[in-house]
Every structure is written in structure tokens, then in C-alpha cells.
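Contents: one structure, followed by commentary.
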2 protein chains.
Amino acid sequence: MHEQPHHESMFQALADVQRRKILQILKHKEQSVAEIKTHFDFSGATLSHHLNVLKQADLVRVRREGQKRIYTLNLSVVEELLLMFNEMFKRGQND
Amino acid sequence: MHEQPHHESMFQALADVQRRKILQILKHKEQSVAEIKTHFDFSGATLSHHLNVLKQADLVRVRREGQKRIYTLNLSVVEELLLMFNEMFKRGQND
DNA sequence: TAGATAATTAGATGATAATCTAAATAAATG
DNA sequence: CATTTATTTAGATTATCATCTAATTATCTA
């Protein structure tokens with residue numbers, strides 16, 4: 001019944017159009033920060049910030065690979081997000 | 001492929017916990033502003049603001065009834081939202 | 001190990017958003 | 001028609017957020 005604190009960070013993360021775009025980009029394939037950066041105009045620091053927000057929300061995962069950090073979409077959490085939405089809005093039994 | 005401008009306002013609307021709570025409340029039954037207000041501590045002006053944000057995002061609808069305004073959850077848009085999420089994150093054909 | 005490359009962290013700034021009080025609008029009612 | 005009730009609008013304030021530049025950390029390689 002109560003909303004998990006977890007959800008808060010997810011919704012916050014999804015509220016920004018750039019972050020949603022990052023998720024779209026990662027949907028196709030996992031990518032390093034530099035690769036992701038090619039899709040945007042803002043600074044690396046800003047991208048790093050957005051990636052961190054997505055990571056805190058558990059929407060993406062990171063792993064090291066040499067100097068690079070490879071970000072991947074956390075699909076299981078995305079699934080969870082969909083379930084949550086369904087839960088959030090599904091009709092009751094008497095309507 | 002491109003995101004509708006519409007979606008922006010939806011995500012913005014959902015980013016606030018109070019607004020999500022309003023949606024929860026309206027899920028059970030349509031309610032006047034005063035009724036909705038019983039669930040919150042903030043001022044009527046603030047509630048009015050939140051309701052307006054939800055309305056702009058088309059997540060709720062309003063109708064007059066005497067002095068009262070009755071807010072209802074716009075379920076068809078919620079459905080649409082779910083479809084959008086599915087679209088946004090569904091796996092491609094080659095994975 | 002010095003220099004280059006990859007990314008993050010720190011700190012500042014401007015924009016946006018949540019909230020408040022007070023005033024305005026609109027409908028109902030005595 | 002003046003007053004009460006319901007809600008919104010206006011304007012101000014404070015907090016949060018997206019973004020920037022500069023500095024830092026970490027890794028690789030010559």
C-alpha cells in the first residue's frame with residue numbers, strides 16, 4: 001500500500017528528458033561514458049551526474065573495463081517499474 | 001521513435017510524491033478538492049497547483065458540480081502511459 | 001614513472017518547482 | 001443581494017536541480 005522509498009528515486013530519475021534518452025540509448029547496447037556522450041551536447045560532468053542519478057535509482061548498472069566504465073540498462077528493475085505502474089493504477093475489483 | 005511532448009508533462013507530473021498520492025486517492029473514487037485536501041497537510045493553493053499540473057498532463061479530468069470541482073483519474077491516459085513504458089523499454093528482436 | 005586518457009567529484013550559478021499567504025472568482029443560500 | 005463556501009490565481013520565498021568549469025582520481029602505456 002505504501003510507496004517504497006525506492007520508487008521516489010526512480011520517478012525522480014525518469015523526470016529528466018536527458019536521462020530518459022540515456023535509457024533509450026542503453027536499451028540498444030551497453031556503452032562506455034564516452035560513447036554515451038557522443039549523443040549529447042552537455043559536459044562530461046553533467047553526463048556523469050545523470051548517470052549517477054540513474055544508478056542511484058538502480059535503473060542502470062556499471063562495471064569497470066580498463067579505464068572505461070560500461071553502463072548497462074538494468075532491465076529487471078525496468079520490469080519492476082512496469083509492475084509498479086500496473087499496481088499503481090489498476091482498477092479495483094468493483095468497477 | 002521520438003518522444004511526444006505530451007510525455008514530458010506526464011513524467012514531470014509523476015515526479016512529485018504528493019501528486020502520485022493524489023492519483024492513488026483518485027484511483028479509489030472521484031473526489032472534490034476539499035475531499036482530496038483531507039489527505040494532505042499543505043495549503044489549498046498548493047493542492048490546486050498540483051491538481052493543475054496533473055490536469056495539464058491529462059492524468060486527471062475535472063468537472064463542475066455546484067461550487068465543487070470533481071476530479072477524476074483519467075484511466076485511458078494511464079493506460080497509454082503503461083504502453084509508453086512498455087514501448088520505451090521492451091527488448092529488441094535480437095536479444 | 002611521466003604523460004595521456006577516462007571518468008568522477010567539488011563548488012558555483014541560473015532555472016525551475018513546491019510551497020505559502022493574500023486576494024480574486026464563482027456558485028449557493030439566507 | 002450580502003454572506004458563506006469552494007476553489008483558483010497572483011506574487012513571493014525557499015529548496016531543488018541541471019549545468020558549467022576546474023580539480024581530482026584512476027588506469028593505461030611509452
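Numbered from 1 within each chain, the chains take letters A, B, ... in sequence-line order.
Looking at every heavy atom in both residues, A:Leu59 comes nearest to A:Ala13 through CD1-CB, 3.8 Å. Minimum heavy-atom separation, A:Gln31 to A:Leu26: N-CD2, 3.9 Å. Minimum interatomic distance between B:Leu51 and B:Ile36 (heavy atoms only, all atoms of both residues): CD2-CD1, 4.1 Å. A:His39 and A:Lys21 make their closest contact through O-NZ, 3.3 Å (heavy atoms, listed as atom of the first residue, atom of the second, distance).
Between the CG atom of A:Leu14 and the P atom of D:dC17 there is a distance of 14 Å, given to the nearest Å. In this structure, B:Ile36 places its CD1 atom 14 Å from P of D:dA6, rounding to the nearest Å. The CD atom of A:Gln12 sits 9 Å away from the C1' atom of D:dT16 (whole-angstrom rounding). What separates CD of B:Gln31 from C1' of D:dA6 is a distance of 15 Å, to the nearest Å. With rounding to whole Å, B:Glu35 atom CD is found 12 Å from D:dA6 atom C1'.
When the side chain to side chain contact (heavy atoms under 4.5 Å, CB included) test is applied to B:Arg63, the partners found at least two apart in sequence or on another chain are B:Glu30, B:Glu65, B:Ile70, B:Thr72. Looking at residues two or more places apart in sequence or on another chain, you find a salt bridge (Lys or Arg N to Asp or Glu O under 4.0 Å) between A:Arg61 and A:Asp58. Evaluation of the side-chain hydrogen bond (donor to acceptor under 3.5 Å, both in side chains) rule for B:His49 yields no partner, not counting sequence neighbours.
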Can you name the atoms? Protein N/O to nucleotides 27-29 of chain D N/O, anything below 3.5 Å, with the distance.
unit_1: D:dT27; atom_1: O2; unit_2: A:Gln67; atom_2: NE2; d: 3.1

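Listed in residue order, the members of residues 38-57 of chain A having a heavy atom less than 4.0 Å from DNA chain C are A:Gly44, A:Ala45, A:Ser48.
Between B:Glu35 and B:Lys68, none of the side-chain N atoms (NZ, or NE/NH1/NH2) sits under 4.0 Å from a carboxylate O, so this pair counts as no salt bridge.
In this structure, the side chains of A:Gln56 and A:Met10 stay at 4.5 Å or more apart for every pair of heavy atoms. At least one side-chain heavy atom of A:Arg19 sits under 4.5 Å from a side-chain heavy atom of A:Val53.
Taking the six-membered ring for Trp and the full ring otherwise, the centers of B:Phe42 and B:His50 sit less than 6.0 Å from each other.
Using a 4.0 Å cutoff to heavy atoms of chain B, the contacted part of DNA chain C runs 5' to 3' from C:dA17 to C:dA28.
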